[in-house]
Amino acid sequence: MDYEGQELHKDQFGEDFKWGISTAAFQTEGSCAADGKGPSVWDVFSARKGKIRNGHHANTACDFYNCYQKDIALIRRLNIPNFRFSVSWPRVLPSGVKTVNQKGIDFYNKVIDHCLENDIEPWLTLYHWDLPQALELKGGWTNRDIVSWFADYTELCARNYGDRVKHWMVLNEPMVFTGAGYFLGLHAPGRAGLSNFLPAIHHAVLSMGEGGRILKKLIPDAEVGTTFSCSYIEPFSQKPKDIAAATRADALLNRLFIEPVLGMGYPVSDVPVLKSLHKYHRPGDEEKMKFDFDFIGLQNYTREIVKYSLFTPYLHARLVKAEKRNVPLTSMRWEVYPPAMYHILKKFNDYPGIKKIYITENGAAFPDQLQDGKVEDSERLKYLQDHIAQVLKAKSEGCKVDGYFIWTLTDNFEWAEGYDPRFGIIYVDFSTQKRVIKSSGKWYARFLAG
Ligand code: GAL
């Protein structure tokens, strides 16, 4: 059944469906060196000339470090029952290992307590890309020692927050931080090439399993998951070459991290260059790569059209840019294509090993304008409604999707794109830190009020 264009009611999703909002530490907190915090790869990368559009940086961002009470009050005002945020690893462990920064630990204690006092369930992501720079200097994700560094960091968080946090996500989008950070050099730490990408992949997979095991052992009553970026992929034409190219792109972008976790290994038959991953394997790794997560977080924004390309190394496939396809676009120049959400849900639902799916991010950036104290973001509102309708369609057909989180609460630092793309359902004036709830936020509040 199609729900697009119909008025949605939260009752249609059932009482147990988790509605939420997602954020990340580096994009919102600011206070980049306050109270003993160490630098992250993103602090260092943003300070490098030409890396971030318009020379923006996240030294202050949304000042969530100081404004967390105000922002949690807004979450409550919007009737949002679940708040997903991340811990900044270098805030709690300034050099990545050993010496704990108590003020950093306390900050997240305050955030968690404040959520609970406001009847908001905290959902914690351990790693949303802000690796301690001290660890990057030792090789970062390319150094196998990261598996034990990450294990120690996980244990620290579990011991400090596990009594109150019952929903955990180990990694945020490993494909993006390894692909953009260690293969293309477009994100921190800005490294490129296969010799960085392949070990980073393998160590991220091992860390994901290890992190899951530690959380489950130390907090047995917690629900433990991890999140993946995923885009619905279609071939440019029905020519066999384009179809095969789309299969390869799908294996790289959508299957690379979920399949080893499920015990299926890496998708080497579709992406032969991944065979070289074996160089980084040690005996016993196959077992360590697996972990039976309670849920998988899917983060979908768009679809991609893929074409055969002789000139793209390794993959021989390229994305056909949305702006060349005469389709509706967001400020990120991503196609607005709500059925992508439905197809992605169906695709992941088909893996027998996945027990539960939450959409842990979905949202859009548009050029919002503050006018007469209001932000009428009708495009975002429609985007959200249309995507939620696709979630309902998948759910009504039996997909085990049990939650949906909007990306994101406030406009924030959009990585290499700086502050221009505004994804929030709350507008931020970055010169005053004033917040204005957009029409989309008001709608979400009404929808959640039931
Ligand atoms: C995701 C990421 C978020 C956010 C969003 C919009 O890939 O997890 O941090 O930036 O995309 O681009």
Side-chain angles (χ1 to χ4, degrees), residues 1-23 72 74-85 115-116 118-125 165-169 172 221-230 232 293-301 338-351 353-364 380-409 425 440-450:
M1 160 127 188
D2 257 317
Y3 296 90
E4 214 171 303
Q6 293 186 20
E7 202 183 327
L8 297 162
H9 295 281
K10 85 169 181 181
D11 299 349
Q12 293 168 289
F13 295 79
E15 255 184 39
D16 295 331
F17 197 84
K18 309 286 187 198
W19 294 99
I21 193 91
S22 289
T23 67
I72 292 170
L74 283 166
I75 297 175
R76 184 180 169 122
R77 195 162 139 205
L78 296 184
N79 304 316
I80 304 173
N82 297 287
F83 175 33
R84 169 179 177 235
F85 58 92
C115 282
L116 294 171
N118 282 284
D119 281 329
I120 295 163
E121 194 63 31
W123 292 55
L124 197 153
T125 311
V165 177
K166 300 299 172 191
H167 300 274
W168 292 74
M169 284 141 290
N172 182 71
D221 60 338
E223 205 184 25
V224 176
T226 195
T227 78
F228 298 120
S229 48
C230 43
Y232 175 52
F293 281 104
D294 298 318
F295 70 90
I296 294 301
L298 297 183
Q299 319 202 141
N300 171 256
Y301 289 87
M341 175 62 83
Y342 169 82
H343 292 297
I344 276 294
L345 276 168
K346 293 289 246 193
K347 179 179 173 69
F348 279 76
N349 192 68
D350 282 347
Y351 284 113
I354 295 183
K355 296 195 276 208
K356 190 191 269 194
I357 297 171
Y358 294 129
I359 298 300
T360 39
E361 286 183 21
N362 171 245
R380 179 174 300 97
L381 176 53
K382 180 159 170 36
Y383 178 101
L384 294 172
Q385 290 174 336
D386 289 350
H387 282 76
I388 292 172
Q390 295 287 336
V391 174
L392 184 57
K393 179 176 174 198
K395 190 168 172 65
S396 68
E397 290 174 19
C399 269
K400 35 192 179 274
V401 53
D402 290 315
Y404 173 91
F405 288 60
I406 291 178
W407 182 267
T408 182
L409 183 67
I425 56 171
S440 58
K442 292 181 188 164
W443 171 78
Y444 201 35
R446 285 196 303 277
F447 172 77
L448 294 175

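Just so you know, residue 1 is the first one in the sequence shown, and it goes up from there.
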Taking the side chain as every heavy atom from C-beta outward, state whether [X] and [Y] have any pair of such atoms under 4.5 Å apart.
X    : Y    : answer
T226 : I296 : yes
R84  : H167 : no
L448 : I80  : yes
I75  : N118 : no
N172 : T360 : no

Quick one: ring-ring contact (aromatic ring centres under 6.0 Å, His included) partners of [X], sequence neighbours excluded?
X    : value
F293 : F291
Y383 : H387
Y444 : none
F447 : W19, W443

Side chains of N300 and Y232, donor plus acceptor under 3.5 Å: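 No, because no side-chain N or O of N300 sits under 3.5 Å from a partner of the opposite role on Y232.
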No-hydrogen, no-angle side-chain donor-acceptor test under 3.5 Å, S229 and Q299: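 No - no donor-acceptor pair under 3.5 Å links their side chains.
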Exercise answer: donor-acceptor pairs, residues 389-399 side-chain atoms, under 3.5 Å, sequence neighbours excluded:
| from | atom 1 | to | atom 2 | distance (Å) |
| --- | --- | --- | --- | --- |
| Q390 | NE2 | E4 | OE1 | 3.0 |
| K395 | NZ | V401 | O | 3.2 |
| K395 | NZ | D402 | OD1 | 3.4 |
| S396 | OG | L392 | O | 3.3 |
| S396 | OG | K393 | O | 2.8 |
| E397 | OE1 | Y342 | OH | 2.5 |
| E397 | OE1 | K346 | NZ | 2.7 |
| E397 | OE2 | Y342 | OH | 3.4 |

Minimum heavy-atom distance N79-A445, with the two atoms named: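 In this case the closest contact between N79 and A445 is ND2-O, 2.9 Å.
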Closest heavy-atom pair and its distance - P122, F85: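 Heavy atoms only, the tightest pair is CB-CE2, 3.8 Å.
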D350 atom CG, neighbour heavy-atom count above 12 within 6.0 Å: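 More than 12 heavy atoms, drawn from other residues, nucleotides or ligands, come within 6.0 Å of this atom.
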Flag if over 12 foreign heavy atoms under 6.0 Å of NZ, K166: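 Check passes, neighbour count above 12.
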Q12 (side chain) donor-acceptor with H9 (main chain) under 3.5 angstrom: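 Yes; judged by distance alone, with no hydrogens or angles, the pair exists.
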Test side-chain contact (heavy atoms from CB on, under 4.5 Å) applied to T125 and T227, step by step: CA-CA 9 Å; T125 311; T227 78; 5.7 Å; no
Pair W407-Y301, ring pair (Phe, Tyr, Trp, His ring centres under 6.0 Å): steps then yes or no: CA-CA 10 Å; W407 182 267; Y301 289 87; 7.6 Å; no
Partner set under salt bridge (Lys or Arg N to Asp or Glu O under 4.0 Å) for K356, not counting sequence neighbours: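 Applying salt bridge (Lys or Arg N to Asp or Glu O under 4.0 Å) to K356 gives E223.
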Ring geometry between Y358 and W123 (parallel below 30°, tilted from 30 to 60°, perpendicular above 60°):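 It falls in the perpendicular class, over 60°.
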